[in-house]
Number of protein chains: 2
Amino acid sequence: MQNIYKTIRSKSYSVSCELCRIGPSICIPKLLNNALDTVVNCKHAVSKDEIIVNEGTALDRFYIINAGALKTYITVEGKEQINGFYLPGDIIGLDSIHSLKYNCSVKALTNSLICELKYEELMTLVSQNTHVRDTLFKLMSEDIHDFKKLILCFSQKNAEERVGMFIYSLYSKYARRGHVSLNIKLSMSRNDIANYLGLTIETISRILTRMQDLNILTARGKYITIKNLPALIKFAEYHK
Amino acid sequence: MQNIYKTIRSKSYSVSCELCRIGPSICIPKLLNNALDTVVNCKHAVSKDEIIVNEGTALDRFYIINAGALKTYITVEGKEQINGFYLPGDIIGLDSIHSLKYNCSVKALTNSLICELKYEELMTLVSQNTHVRDTLFKLMSEDIHDFKKLILCFSQKNAEERVGMFIYSLYSKYARRGHVSLNIKLSMSRNDIANYLGLTIETISRILTRMQDLNILTARGKYITIKNLPALIKFAEYHK
DNA sequence: CGTTACATTGAACATATTCAAAACGAGTGG
DNA sequence: CCACTCGTTTTGAATATGTTCAATGTAACG
């Protein structure tokens, strides 16, 4: 077992609490900084391929990614079906409140740091603090909105547009969290991307080479460099 | 202008307040039955093709469908892109809380009855009533969960599976709201279905005839009769 | 009836998958 | 430092799936 912290520091990007999607005003460590045990699980390290949650587990806490990358998936006929990638600042679990059971499994794609947000504590805060309540409604509403947009993407877009959108969405998610860079390191394999996008790895590969031929980006294994951002956006949006 | 109420009664299905997705315990008319003006807009009639909300309008109320059918859509390069159909018991607007602006337009597919749930009043109730608060969280969480499932459908399913799933989801939505019937009247055109599913009307048509050949259902214009429900489910799920 | 809008069918074409083979790259041992 | 291996990625050719365009059918409504 290697030194997890070192690996994370050297290779991964972490989000500051100010740019976290949760925001510092709802962050458990900041709000409950007198209750030591809740702070303990902040920036908790998990290693690559570690399963953090198994589908069906009781939901007693949400997870917020501080550094690294996670994926969520359900298991269909023995095969894992990825339904989301989560990057620094993202929160996992909001879709499971209604059943109080995690409806998908969560696995670390790379060594990562995650914060935990206890469900009961959050609900107590929601009752006490209007701002926390509104923030949570806003977070959930944003999620619904984002997922509806994603439905549109998947229902309407062809393979090229899906791959283009995927790369661009990674870029913009990092950018929104304060990490503006045209160099992206994919934390997931081509297989994971294909699985998530509903395409084959061969198609992903072919489209990436096509994008290189068009001078939109360069793809060298897991390292992607965007050469022409407007062209990437057009590639992802235009077409039909 | 025809008699709207008559048309609705004769052709459409309405949901009782008990089976509404909102539930009677959070229903504005029931909770605020002393404030007359909030009750006024309950079961308000809208006629076919009427635009109830324009994209970008301030969100001051949610809409709950009591009878009929509505669609939501965004406008992309002048063309309407449908992103949801709403049936009795459904609620519209939860994805717009974060911006307090409706992020899509809402139009009636048929003459319909809709209830209105005022945003401010709901938020006041949320502060006063834990049950209302939890119901709202649950509703939103369910929405996120359902949309995530829909993303999986669209990202993974081919044309046959999409159409199968579409028919089946109509059946089960009606069934969950207490209207169990193998006869479904589509309130939307083939064009709307195609637009929503990201397919062409020709493909929809071909798949419907294929399903008839397989004795899964009969499709006579807008009237669909499911002949073999397990086969329909298999048609929508199996394949890949 | 005849018009109009909507739905179905057919044939040619485009897009993505499948299967097979080759190339690459990180890690291991000589 | 080079050769070897395993797993991943890329490339190629054949096939399947869905679209496009054009023609035909059908149902609702004046």
Side-chain angles (χ1 to χ4, degrees), chain A residues 2 7 10-11 48-49 79 82 109-110 153-167 185-214 217-224 235-236 238-240, chain B residues 1-2 7 10-11 48-49 79-80 82 109-111 153-167 184-214 217-224 235-236 238-240:
Chain A
Q2 60 214 326
T7 313
S10 61
K11 289 196 178 174
K48 182 171 153 70
D49 295 327
K79 298 204 322 177
I82 299 169
L109 289 165
T110 63
C153 285
F154 279 123
S155 66
Q156 306 296 325
K157 287 187 187 298
N158 63 20
E160 288 203 343
E161 293 161 343
R162 287 186 192 192
V163 177
M165 162 212 90
F166 180 74
I167 307 283
K185 188 192 172 217
L186 301 176
S187 31
M188 65 295 286
S189 68
R190 295 278 192 280
N191 236 312
D192 279 349
I193 299 175
N195 180 310
Y196 174 67
L197 294 180
L199 302 170
T200 58
I201 49 168
E202 292 95 328
T203 302
I204 306 278
S205 185
R206 277 182 250 270
I207 290 171
L208 282 176
T209 50
R210 212 174 301 161
M211 286 204 267
Q212 293 194 81
D213 295 345
L214 292 169
L217 51 73
T218 57
R220 197 175 287 276
K222 291 199 181 301
Y223 294 88
I224 298 223
F235 192 87
Y238 189 68
H239 284 68
K240 270 183 197 161
Chain B
M1 181 68 83
Q2 59 213 330
T7 313
S10 61
K11 290 195 180 176
K48 182 169 152 71
D49 294 325
K79 296 206 321 178
E80 91 180 21
I82 298 169
L109 288 165
T110 63
N111 295 333
C153 286
F154 279 122
S155 66
Q156 305 296 326
K157 286 187 188 296
N158 63 20
E160 287 202 344
E161 294 160 343
R162 286 186 192 193
V163 177
M165 162 214 90
F166 180 74
I167 307 282
I184 295 171
K185 188 194 172 215
L186 302 177
S187 31
M188 65 295 285
S189 67
R190 295 277 191 283
N191 237 311
D192 279 349
I193 300 175
N195 179 311
Y196 174 66
L197 295 179
L199 302 169
T200 58
I201 48 168
E202 292 94 330
T203 302
I204 306 278
S205 186
R206 277 183 251 269
I207 291 172
L208 283 177
T209 50
R210 213 174 299 161
M211 287 204 265
Q212 294 194 80
D213 294 346
L214 293 169
L217 50 75
T218 57
R220 196 177 286 277
K222 292 199 180 302
Y223 294 90
I224 299 222
F235 192 87
Y238 189 69
H239 284 69
K240 268 182 198 163

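A note on names: the letters A, B, ... follow the listed sequences, proteins ahead of strands, and every chain is numbered from 1. Bear in mind the structure is a predicted one, so any value in this text is a computation, not a measurement.
In this structure, of D/dT19, C/dT17, C/dT8, it is C/dT8 that holds the atom nearest to the side chain of B/Thr209. Checked against C/dA16, D/dT10, D/dG18, the side chain of A/Ser205 finds its nearest nucleotide in D/dT10. Picking from C/dA7, C/dG10, D/dT9 the nucleotide with the shortest atom distance to the side chain of B/Lys222 gives C/dA7. Proximity note for B/Arg190 (side chain, C-beta onward) versus C/dT17, C/dT8, C/dT9: the nearest is C/dT8. Comparing D/dT10, D/dG12, D/dT19 against the side chain of B/Arg206 picks out D/dT19 as the nearest. Closest to the side chain of B/Thr203, out of C/dT17, D/dG18, C/dA20, is D/dG18.
Spacing between atom CG of A/Leu208 and atom C1' of D/dT8 amounts to 14 Å, rounded to whole angstrom units. The nearest whole Å value for the distance from the CD atom in A/Glu160 to the P atom in C/dT17 is 12 Å. Remark: P of D/dA27 and CZ of B/Arg220 are 8 Å apart, rounded to the nearest angstrom. Regarding A/Glu202, its CD atom lies at a distance of 13 Å from the C1' atom of C/dA22, rounded to whole Å. In this structure, OH of A/Tyr223 is placed 13 Å from P of D/dT9, rounded to the nearest angstrom. Distance CG (A/Asp213) to C1' (D/dT10): 12 Å, rounded to an integer number of Å. Here the C1' atom of nucleotide D/dA27 and the NZ atom of B/Lys185 are 14 Å apart, to the nearest Å. The CE atom of B/Met211 sits 15 Å away from the C1' atom of C/dT8 (whole-angstrom rounding).
For A/Ala159 and B/Asn191, each mapped to the nucleotide of DNA chain C holding its nearest heavy atom, the one lying further toward the 5' end belongs to B/Asn191.
B/Arg190 contributes a side-chain N or O that, together with a main-chain N or O of B/Gly221, makes up a donor-acceptor pair within less than 3.5 Å.
B/Lys79 has its side chain out of reach of B/Asn195: every pair of non-hydrogen atoms, C-beta onward, lies at least 4.5 Å apart. Under the 4.5 Å side-chain criterion, counting only non-hydrogen atoms from C-beta, A/Leu214 is in contact with A/Phe235.
Phosphate contact (OP1/OP2 of D/dT19, side-chain N/O of B/Thr200, threshold under 4.0 Å): present.
B/Leu199 comes within 4.0 angstrom of the backbone, heavy atoms only, and of no base.
A/Leu208 and A/Leu217 make their closest contact through O-CD1, 4.2 Å (heavy atoms, listed as atom of the first residue, atom of the second, distance).
In this structure, the separation between CD1 on A/Ile82 and CG on A/Leu109 is 7.5 Å, given to the nearest 0.5 Å.
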